[in-house]
Amino acid sequence: MRQRPDTLWLEILENLDDAARQDVYLRQAIPLSITPDALRIAVPSVYTHDRIERRFRAAIQSVLATRIGAQCMLIITVDESVSDIPKQPENSESEVNQQPLPQAEPGLNRNYVFDRFVVGSSNRICHATALMVSENPGREYNPLFIYGGVGLGKTHLLHAIGNRLSANHPQKKVLYVTSETFMNEYVESIVKRTSQGFRAKYRTADMLLIDDIQFLQRKEGTQEEFFNTFNDLYLNSNQIVMTSDRSPDTLENLEERLKSRFEWGMVSKIEMPEYETRLGILRQKCEDQGLDNLSDEVLSYIAEIVTTNIRELEGMLVRLIAQSTILKEELNLDFARQVLNDVASPTPLSHRKTATAKGIQTVVSEYFGVDPADLVSEKRTKALVLPRQIAMYLCRELTQLSYSNIAQAFNKQNHTTIIHACTRTEELINKNKETQEMIDVLMAQLR
Ligand code: ADP
Ligand code: MG
């Protein structure tokens with residue numbers, strides 16, 4: 001009898017251990033086909049691909065060997081559209097996927113929810129306000145303006161508000177957009193003469209979530225359009241939530257009338273969480289990933305030494321886990337101390353720039369399985385675009401090279417290519433957790 005790929009996949013999952021079965025990334029995989037030689041599955045991101053390769057390939061192969069034969073190879077392809085496909089094969093009675101994840105509004109990252117946001121004194125007010133807005137949008141806290149430094153949870157909260165509203169009221173139209181995307185779509189609507197469509201999209205939203213509004217500084221045309229969008233939404237009591245890396249009054253080159261509108265509702269500052277909250281976030285992160293073997297001692301140590309931002313905090317955890325897996329060493333306090341020793345230095349992490357362009361190109365090529373020479377070539381094949389862009393971004397983040405220096409390192413004439421690569425990558429990081437985790441892994445290898 002011919003085996004169906006979906007039933008085979010469920011059988012495989014049933015034969016894996018608990019951690020694997022509960023792995024949210026593994027659950028994203030969609031079985032495509034099965035032949036005596038290959039089981040093909042599709043996953044939505046490179047990160048998921050790599051995670052399955054690293055953690056689950058061996059176990060999956062061994063089940064495949066008993067079910068189909070030792071020659072049957074697992075082939076994983078990355079297909080971004082997979083995330084739009086229902087997660088559970090039809091008519092399946094298996095318990096493996098018994099809780100299909102709720103469908104998120106397009107553009108919303110469903111990992112960023114209130115349940116996964118750890119609250120402490122540094123972010124309590126901000127969290128409470130965000131929660132209030134998600135439950136009662138368009139009321140007294142309209143607009144809500146959240147500001148604070150990099151990696152402190154602004155984007156997380158923004159998505160959480162949207163996710164909560166769309167879970168409570170699926171018929172409501174929630175729009176999440178970065179300010180840069182808003183600008184790009186606006187410019188495109190002018191070029192293509194589709195302003196009506198652009199306006200229809202933004203002005204009919206029940207809730208507009210707009211990230212990193214500081215980007216609109218000096219973009220007068222877009223500011224004007226945003227001003228009009230803002231007024232329309234506001235007058236119809238539709239909720240607007242904005243984030244920024246600085247407060248409204250310190251935004252420069254932004255029209256006064258816009259700034260004053262930002263202060264009409266509620267302005268809320270988010271700060272670096274104190275030690276206990278950092279520890280809570282690490283515990284939460286371990287829980288999300290099914291890591292129950294990490295001692296509190298190790299987590300406390302990480303929480304103690306990383307004091308700058310949460311993205312760094314998560315990055316440290318990923319780094320430790322990666323190193324202990326690679327070196328096959330137990331992850332205890334001694335090991336953590338050894339690996340993170342240099343981190344405990346007084347220099348803030350973000351200021352320690354020791355990587356080189358060449359080193360970054362090598363690590364990134366290896367990670368994506370591409371030839372380093374291709375990374376700095378003129379070739380524009382799809383498989384090279386993302387790795388190249390990420391390598392450029394990492395050069396900016398981890399070295400002291402200027403945009404022009406980086407352009408040279410990639411054989412580019414023009415430094416605007418690098419600026420574009422950096423903003424595009426930042427956008428991807430904000431949009432999906434996989435990209436961010438992928439960057440964390442790469443950074444961990446480079447520091
Ligand atoms: P920002 O937009 O302020 O730069 P992000 O929202 O992207 O920061 O947060 C960076 C990372 O830290 C994300 O993975 C986010 O989930 C995590 N994070 C930040 N604050 C918290 C928190 N209080 N609880 C759990 N995770 C958090
Ligand atoms: Mg952000």
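Computation of the quantities below employed the complete heavy-atom set of this structure, encompassing side-chain atoms and omitting hydrogens, waters and symmetry-equivalent molecules. We count ligands from 1, going down the list as the structure has it; atoms in each ligand are counted the same way. Counting begins at 1 with the first residue of the sequence.
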Open item on the list: Give the atom numbers and elements of ligand 1 that come within less than 4.0 Å of a heavy atom of Tyr112.
Closed with: 13 (C), 14 (O), 16 (O)
TODO: Evaluate the side-chain proximity of His156 to Asn109: yes if any heavy-atom separation is below 4.5 Å, no if none is.
DONE: no
TODO: Flag Arg311 as yes when one of its N or O atoms lies below 3.5 Å from any N or O atom of ligand 1, and as no otherwise.
DONE: yes
Open item on the list: If we set the cut-off at 4.0 Å for heavy atoms, which region of Gln436 has an atom near ligand 1: side chain, backbone, both, or neither?
Closed with: side chain
- [ ] Note the single closest protein heavy atom to atom 17 (C) of ligand 1, along with its residue, its atom name and the distance in Å.
- [x] Glu314 OE2, 3.3 Å
Open item on the list: Looking only at distances, can you tell me whether any N or O atom of Leu152, backbone or side chain, sits closer than 3.5 Å to an N or O atom of ligand 1?
Closed with: yes
Task: Check: Ser189 and Thr194 side chains under 4.5 Å, non-hydrogen atoms - done: yes
Open item on the list: Could you identify the single nearest non-hydrogen protein atom to atom 8 (O) of ligand 1 and state the distance to 0.1 Å?
Closed with: Gly153 N, 3.1 Å
Open item on the list: Less than 6.0 angstrom from the centroid, inside 45 degrees of the normal: does Arg396 satisfy that with respect to the ring of Tyr403?
Closed with: yes
Task: Residues Asn236 and Arg203: side-chain donor-acceptor under 3.5 angstrom - done: no
Task: Audit row: Ser402, Asn405, side chain to side chain donor-acceptor pair (under 3.5 Å) steps and yes/no - done: CA-CA 5 Å; Ser402 65; Asn405 295 150; 3.0 Å; yes
- [ ] Name the orientation class of the two ring planes belonging to Phe230 and Trp264 (parallel below 30°, tilted from 30 to 60°, perpendicular beyond 60°).
- [x] perpendicular
Open item on the list: Rounded at 0.5 Å granularity, tell me how far CD in Glu426 sits from CG in Asp212.
Closed with: 8.0 Å
Task: Any N or O of Thr155 closer than 3.5 Å to N or O of ligand 1 - done: yes
- [ ] Answer yes or no: does an N/O atom from Phe117 fall short of 3.5 Å to an N/O atom of ligand 1?
- [x] no
Task: For atom 22 (C) of ligand 1, the option (of Asn123, Leu157, Ile281) bearing the nearest heavy atom - done: Ile281
Task: Any donor-acceptor N or O pair under 3.5 Å, side chains Thr362, Ser365 - done: no
Open item on the list: Check this for me: does any side-chain nitrogen of one of Arg116 and Asp288 sit under 4.0 Å from a carboxylate oxygen of the other?
Closed with: yes
Task: Shortest reach to atom 18 (N) of ligand 1 by a heavy atom, considering only Asp245, Ile310, Asp212 - done: Ile310
Open item on the list: Taking only non-hydrogen atoms of Pro273, do any sit less than 4.0 angstrom from ligand 1?
Closed with: no
- [ ] Could you check which of Lys154, Arg116, Lys285 puts a non-hydrogen atom nearest to atom 25 (C) of ligand 1?
- [x] Arg116
Task: Contact check, Gly149 vs ligand 1, heavy-atom distance below 4.0 Å - done: yes
- [ ] Identify, for atom 4 (O) of ligand 1, the protein heavy atom at the shortest distance, and state residue, atom and that distance.
- [x] Gly151 N, 2.6 Å
Open item on the list: Return the closest protein heavy atom for atom 15 (C) of ligand 1 as residue, atom name and distance.
Closed with: His156 ND1, 3.4 Å
Task: Heteroatoms of the protein, restricted to N/O/S, which lie under 2.8 Å from the Mg ion (ligand 2) - done: Thr155 OG1
Open item on the list: I want to know if ligand 1 touches Val118 in the polar sense, i.e. an N/O pair below 3.5 angstrom.
Closed with: yes
Task: Gln436 side chain near Glu314 side chain, heavy-atom distance below 4.5 Å - done: yes
TODO: Identify whether NZ of Lys or CZ of Arg in Arg337 sits under 6.0 Å from the centre of the six-membered ring of Tyr301 and within 45° of that ring's axis.
DONE: yes
TODO: Validate the cation-pi geometry between Arg257 and Phe227: distance from NZ or CZ to the six-membered ring centre under 6.0 Å, angle to the ring axis within 45°.
DONE: yes
Task: Rounded distance [0.5 Å steps], CG in Leu317 versus NZ in Lys285 - done: 7.5 Å
Task: Which of the ligand 1 atoms, numbered from 1, are nearer than 4.0 Å to a heavy atom of Val150 - done: 4 (O)
Open item on the list: Can you tell whether the side chains of Arg283 and Asp296 come within less than 4.0 Å, N to carboxylate O?
Closed with: yes
